[in-house]
Undergrad: 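Pasting a structure here, questions to come.
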2 protein chains.
Amino acid sequence: MKEGPDIARIGTLIGDPARANMLTALMGGQALTATELAQAAGVTLQTASSHLSKLEDGGLISQRKQGRHRYFTLADGAAGTLLENIMGFAASRGHLRHQPGPKDPALRKARICYDHLAGDYGVRMLDSFVSRGVIRTDGENLMVTEQGRVDIGQIGIDVAPLVSSRRPLCKSCLDWSERRSHLAGTLGKALLSHFLEKGWARRSSESRAVLFTPEGERKFLSLFPLERPSPEP
Amino acid sequence: MKEGPDIARIGTLIGDPARANMLTALMGGQALTATELAQAAGVTLQTASSHLSKLEDGGLISQRKQGRHRYFTLADGAAGTLLENIMGFAASRGHLRHQPGPKDPALRKARICYDHLAGDYGVRMLDSFVSRGVIRTDGENLMVTEQGRVDIGQIGIDVAPLVSSRRPLCKSCLDWSERRSHLAGTLGKALLSHFLEKGWARRSSESRAVLFTPEGERKFLSLFPLERPSPEP
DNA sequence: AATATGCTTCGGTTAGGATCGAAGTATGAA
DNA sequence: TTCATACTTCGATCCTAACCGAAGCATATT
């Protein structure tokens with residue numbers, strides 16, 4: 001058995017708890033310094049440094065020097081997607097780190113999944129799109145309808161420039177807290193950016209939670225109404 | 001950092017070379033005994049037994065007792081998809097176990113990817129579908145067109161019963177040897193089954209390679225013509 | 001220049017887990 | 001009943017890799 005890709009290497013990289021914590025922290029989408037990642041992982045700076053170089057060699061993260069800091073991010077969207085997949089699978093098998101679901105209710109409600117919105121609000125957004133015919137689905141694949149482009153335009157997002165050849169426009173991503181799908185892809189990213197730019201919400205400094213202002217929450221809920229419970233896309 | 005799914009557990013399971021070899025062997029889609037998996041992994045039966053119980057506890061595989069044998073398979077489609085994803089990611093970072101690509105040319109040409117066809121032939125099949133308008137794509141998602149249902153029906157496969165709510169009809173799956181996508185999903189599975197049933201090809205007993213007969217190869221190539229190189233879906 | 005901060009490298013320790021031999025259990029065959 | 005096959009469990013060994021203290025390097029501040 002010496003054929004094929006070396007999945008064991010990727011597995012080993014993700015399999016260490018300290019490295020897994022670092023990667024989870026980087027799923028927040030923001031660049032973090034080695035010191036911050038050491039804290040997130042609960043190890044000293046020396047240990048973290050060793051882990052970070054291994055993750056970089058493995059192609060999971062990349063770094064950018066800036067002054068005397070080194071900022072680390074996930075290498076690219078593929079790395080984020082991979083981690084999302086593994087999280088979804090782990091959650092589907094009940095492998096949670098502290099009993100059922102996150103303790104933090106804010107995290108259950110809305111959090112960042114690499115570059116898009118996850119949690120209750122993320123799921124609601126996709127449900128709303130599907131029930132209103134903005135997005136159509138056939139089992140797993142998602143497509144924005146003609147009418148959907150108009151509706152999304154009214155939110156203030158132009159769909160056209162989001163269609164790139166590298167990344168899909170919309171993609172479903174299994175939500176580990178809701179056990180449902182939420183919206184990923186360039187559209188999912190654009191929507192989250194839009195909420196943050198408009199000041200409807202901000203990222204928590206400590207976790208991946210996304211905190212909505214009262215007004216932002218009101219606007220979000222009216223933009224994404226739930227007519228009736230829709231089937232899992 | 002104690003939130004969320006335990007990705008480290010999944011990583012650790014996949015991260016051991018012996019276990020990774022077992023999982024790779026099970027990607028062939030056939031149920032294998034503990035002894036066979038021990039051979040595939042290159043360890044003794046005692047060691048294999050320990051690994052197998054860990055993989056089962058982790059929800060990656062399941063077993064079925066039959067007489068004095070125990071047959072192991074991947075737990076479900078989700079487990080297969082997860083491994084496919086990791087393989088694709090590992091290949092995209094150049095993490096191959098023995099230099100560029102598989103040594104075995106048969107494996108490069110056609111092999112089983114859990115339950116569908118991969119390799120040169122798998123990629124060609126999807127390319128042909130896309131260039132002929134049988135399948136339409138928007139970045140990542142794949143959809144069978146109206147005309148496509150007819151065309152696939154002429155091959156001898158009825159699309160209607162393949163549409164299940166649990167698994168998508170068609171899905172793209174990154175091919176680690178070709179670095180292109182091939183066709184997965186229930187349609188991909190049905191096509192492979194069809195080739196095997198018709199006797200156009202058979203599975204190799206030693207590896208995941210799919211061996212076409214001369215006649216099967218002729219039919220395959222005429223069924224899936226390549227008009228001109230099509231862009232990566 | 002001198003000092004502080006951020007990070008890496010080196011060296012030695014330690015713990016977890018992969019490994020296998022040997023013995024034990026279950027199923028089937030003679 | 002006896003023997004053989006398939007697999008699991010136990011116990012001991014051994015090795016890797018995670019870990020941190022100490023020292024070193026680089027960049028910024030004074």
Undergrad: To the nearest 0.5 Å, tell me how far A:D127 CG sits from A:S181 OG.
TA: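 If we round to the nearest 0.5 Å, A:D127:CG and A:S181:OG are 9.0 Å apart.
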Undergrad: With a 3.5 Å distance limit and no angle check, can you tell me whether A:R19 reaches the backbone of A:L13 through a side-chain donor-acceptor pair?
TA: yes
Undergrad: Within the pair B:H51 and C:dG17, is there a side-chain N or O less than 4.0 Å away from OP1 or OP2?
TA: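 So the side-chain polar atoms of B:H51 never come under 4.0 Å of the phosphate oxygens OP1 or OP2 of C:dG17.
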Undergrad: What integer distance in Å separates B:L52:CG from C:dA18:P?
TA: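 Distance, rounded to whole Å: 13 Å.
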Undergrad: On DNA chain D, check which nucleotide each of A:V43 and B:E36 is closest to and give me the residue with the more 5' one.
TA: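 So the residue in question is B:E36.
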Undergrad: May I have the distance from B:L55 (atom CG) to C:dA18 (atom P), rounded to whole angstrom?
TA: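 Rounding to the nearest Å, CG of B:L55 and P of C:dA18 are 10 Å apart.
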Undergrad: Hey, does the side chain of B:R70 come within less than 4.0 Å of C:dA26's phosphate (OP1/OP2), counting only N and O?
TA: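 B:R70 to C:dA26 OP1/OP2: no side-chain N or O under 4.0 Å.
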Undergrad: Give A:S50 one of three labels, base, sugar-phosphate or nothing, depending on what nucleic acid heavy atoms sit under 4.0 Å from its own.
TA: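 Answer is nothing: A:S50 stays at 4.0 Å or more from every strand.
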Undergrad: Please determine, by modelled atom types, if B:E215 and B:T213 share a side-chain donor-acceptor pair under 3.5 angstrom.
TA: no
Undergrad: Would you kindly give the CG-to-C1' distance between A:L37 and C:dG6, to the nearest whole Å?
TA: 13 Å
Undergrad: For a quick check of understanding: with a heavy-atom distance under 4.0 Å over all strands, which category does A:T33 fall into, base, sugar-phosphate or nothing?
TA: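 Sugar-phosphate: the residue A:T33, judged by heavy atoms under 4.0 Å, touches backbone atoms but no base.
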Undergrad: Can you tell me how far P of C:dA15 sits from CG of A:D16, to the nearest Å?
TA: 17 Å
Undergrad: Think B:S49 has a side-chain N or O under 4.0 angstrom from the OP1 or OP2 of D:dC7?
TA: no
Undergrad: Which nucleotide, C:dA18, D:dA28, C:dT19, lies nearest any side-chain atom of B:A18?
TA: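 The answer is C:dT19, which lies nearest to the side chain.
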Undergrad: Tell me: NE2 of B:H69 to C1' of D:dT8, nearest whole Å?
TA: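 Answer to the nearest Å: 16 Å.
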Undergrad: Roughly how many Å is it from CG in B:L45 to P in D:dA4, rounded to a whole number?
TA: 18 Å
Undergrad: Given A:L74, which partner from the list A:L60, A:D115, A:L83 fulfils the side chain to side chain contact (heavy atoms under 4.5 Å, CB included) test?
TA: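 Exactly one option meets the side chain to side chain contact (heavy atoms under 4.5 Å, CB included) with A:L74, and it is A:L83.
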Undergrad: Would you mind telling me which of D:dC7, D:dA18, C:dG6 lies closest to the side-chain atoms of A:T35?
TA: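 Nearest to the side chain of A:T35 among the choices is C:dG6.
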Undergrad: Give a yes/no answer on whether the side chain of A:K65 brings an N or O atom under 4.0 Å of OP1 or OP2 in D:dT27.
TA: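 So the side chain of A:K65 is within the cut-off, an N or O lying under 4.0 Å from OP1 or OP2 of D:dT27.
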Undergrad: Any idea which heavy atoms bring B:A34 and B:A48 closest together, and the distance?
TA: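 In terms of heavy atoms, the two residues are closest at O-CB, 4.4 Å.
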Undergrad: How long is the line joining CZ of A:R64 and P of C:dC7, in whole Å?
TA: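 Nearest whole value for this atom pair: 13 Å.
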Undergrad: Indicate whether OP1 or OP2 belonging to D:dA18 is found under 4.0 Å from a side-chain N or O atom of A:K54.
TA: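 The answer is yes; a side-chain N or O of A:K54 sits under 4.0 Å from OP1 or OP2.
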Undergrad: Could you give the CD-to-P distance, from B:Q46 to C:dG24, as a whole number of Å?
TA: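 In whole Å, C:dG24 P and B:Q46 CD are 15 Å from each other.
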Undergrad: From D:dA28, D:dA18, D:dT5, pick the nucleotide closest to the side chain of B:R68?
TA: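 The nucleotide sitting nearest to the side chain is D:dT5.
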Undergrad: Looking at A:T44, I'd like to know whether one of its side-chain N or O atoms comes within less than 4.0 Å of OP1 or OP2 on D:dC20.
TA: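 Looking at the OP1 and OP2 atoms of D:dC20, one of them is under 4.0 Å from a side-chain N or O of A:T44.
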